Amino acid sequence: MPNKEKKESWPLVGNENITEFLSKHIKNNTVYGSYIFCGPEDLGKKTLAYHFAEVLLCQRKKTSGSEACGACPSCRKFSNRGDDDNGLRIAHSDLYVIDKEDDKKNISIVQVRELIKKLSLSSFLDSYKIGIIRNAETLSTEAANALLKTLEEPRNKVVVILITGEAEALPQTIISRSRILKFGLVKTDVIYEYLVDEYKASRSAAKNFSHLAAGRPALALKFFQDKTYYDEHIVQAETFLNFFRSDLNNRFLAIENIIGKKNKGQESVERARDILGAWRSIARDLLLIKFNQRDLINNEVMKKELESVNPGVKTLAIIRAANSIRRAEQYIRANMNPKLALEQVAVSI
Ligand SMILES: [Zn+2]
């Protein structure tokens with residue numbers, strides 16, 4: 001993706017300080033043994049972690065030192081990744097990714113031991129060995145302790161990247177041995193430009209999606225590229241709006257419809273997160289309307305529905321709902337059944 005102004009072709013929108021920081025580490029040969037990428041969902045943490053790994057592992061780094069060549073055997077493994085969003089299946093002998101397994105509560109010590117073992121094998125080409133730990137906040141205590149031992153005795157050319165929504169949930173001992181990189185929300189107009197320049201989105205589509213994404217470029221892109229995902233967002237948002245004019249029974253039925261039959265496992269957790277995200281943005285917009293800040297609303301595309309619900313709902317009720325959404329997000333992180341978590345929002349209205 002050519003971009004005339006960008007010096008580096010790192011795949012991150014906004015948060016330029018992080019890109020600069022990491023590419024400087026590569027150029028100056030001061031790469032740390034452990035990084036924590038933290039921040040809300042859909043800011044590009046995972047994509048950046050893979051890219052950082054790709055550059056580190058590239059066998060013919062360009063002269064600038066912080067660009068992958070895109071053509072060497074190592075780089076080709078990254079580009080062959082295809083649509084596997086999960087990334088767990090990249091067949092690269094020097095990159096290991098672990099994540100919480102479906103239906104499990106934690107990342108287990110067995111998974112971490114396996115990771116450590118692979119990181120400690122010497123590399124054929126004396127290249128880096130990189131471990132990526134996704135949803136790092138779910139490391140079990142034993143798993144975190146095992147990892148800590150590795151971080152305490154850093155080895156040359158071994159890098160661990162922990163990706164998490166909340167760094168505070170990691171043990172202090174791990175935090176203190178890592179460089180924390182905090183990903184922040186990105187300005188709407190930066191996301192807008194990104195969709196128009198890099199993806200040739202129409203101005204109206206870019207406007208709609210950049211607003212809906214509320215600071216998250218990866219989410220804007222998902223809306224733009226995946227019509228089904230976007231349609232689902234609208235349905236989820238409408239469901240929440242309808243909560244304010246239906247009885248509890250119907251709210252429960254509506255939840256059953258949007259969460260789907262399979263309401264266990266990682267898939268349903270992610271779905272519930274999306275749903276709560278849509279609900280959160282509607283609650284926010286309703287409040288903005290109450291406070292006459294209509295130009296700031298995200299769900300511009302649902303303005304009519306928002307305005308029609310607005311007169312019948314009290315400000316306090318919206319605040320109560322917004323609080324219960326926040327609680328539901330915490331419950332889900334603490335492994336509550338996703339459907340139950342959504343239902344407690346319906347009860348709060
Ligand atoms: Zn390369």
Side-chain angles (χ1 to χ4, degrees), residues 1-37 43-99 114-134 136 150-151 154-163 178-179 181 183 194 197-199 217-218 221 225:
M1 276 168 278
N3 184 328
K4 37 196 177 331
E5 282 168 36
K6 237 189 289 172
K7 273 188 252 81
E8 316 269 356
S9 61
W10 285 48
L12 190 69
V13 187
N15 290 298
E16 288 83 4
N17 55 330
I18 294 180
T19 309
E20 279 163 28
F21 191 76
L22 291 176
S23 68
K24 207 158 72 191
H25 283 188
I26 300 177
K27 275 183 207 160
N28 300 347
N29 224 347
T30 50
V31 176
Y32 280 72
S34 169
Y35 293 88
I36 297 173
F37 286 14
L43 293 178
K45 299 189 295 295
K46 185 184 71 189
T47 308
L48 192 71
Y50 284 117
H51 186 75
F52 185 44
E54 181 176 355
V55 177
L56 287 174
L57 294 172
C58 174
Q59 292 156 12
R60 296 180 219 139
K61 276 196 253 318
K62 291 191 180 154
T63 39
S64 73
S66 64
E67 294 281 323
C69 75
C72 71
S74 171
C75 285
R76 280 208 301 275
K77 284 174 187 149
F78 281 88
S79 51
N80 285 342
R81 163 150 77 112
D83 290 333
D84 178 18
D85 170 61
N86 216 334
L88 293 169
R89 279 179 279 143
I90 291 186
H92 194 301
S93 53
D94 296 315
L95 172 70
Y96 313 99
V97 184
I98 58 172
D99 195 351
E114 184 74 4
L115 177 82
I116 292 170
K117 199 170 121 199
K118 285 176 172 164
L119 291 176
S120 66
L121 297 172
S122 59
S123 146
F124 180 60
L125 290 165
D126 185 37
S127 80
Y128 276 94
K129 291 262 172 194
I130 296 167
I132 295 180
I133 302 178
R134 299 177 54 185
T150 304
L151 302 185
R155 285 167 52 107
N156 195 23
K157 291 196 163 180
V158 169
V159 179
V160 176
I161 305 169
L162 299 112
I163 303 178
S178 310
R179 287 311 296 241
L181 300 178
F183 289 62
Y194 166 66
D197 290 351
E198 311 247 355
Y199 289 91
L221 193 57
Q225 293 182 321

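One-based numbering along the sequence shown. The model shown is predicted, which means the values in this text are computed figures rather than measured ones. Whatever order the structure lists ligands and atoms in, that order sets their numbers, starting from 1. All values below were derived from every heavy atom in this structure, side-chain atoms included, with hydrogens, water molecules and symmetry-related copies excluded.
Every residue meeting the side chain to side chain contact (heavy atoms under 4.5 Å, CB included) condition with Gln225, not counting sequence neighbours, appears here in chain and number order: Tyr199, Leu221. Qualifying ring pair (Phe, Tyr, Trp, His ring centres under 6.0 Å) partners for Phe183, counting only residues two or more places apart in sequence or in other chains: Phe37. For Ile116, the side chain to side chain contact (heavy atoms under 4.5 Å, CB included) criterion is met by Val112, Ala146, Thr150, not counting sequence neighbours.
Looking at Ser74, its side chain never comes within 3.5 Å of a backbone N or O of Gln59 through a donor-acceptor pair. Checked by atom type and distance alone, the side chain of Arg76 pairs as donor or acceptor with a backbone atom of Ala71 at under 3.5 Å.
The closest side-chain donor-acceptor pair between Tyr35 and Arg179, if any, does not fall under 3.5 angstrom.
Around the Zn ion (ligand 1), the protein N, O or S atoms closer than 2.8 Å are Cys58 SG, Cys69 SG, Cys72 SG, Cys75 SG, listed by chain and residue number.
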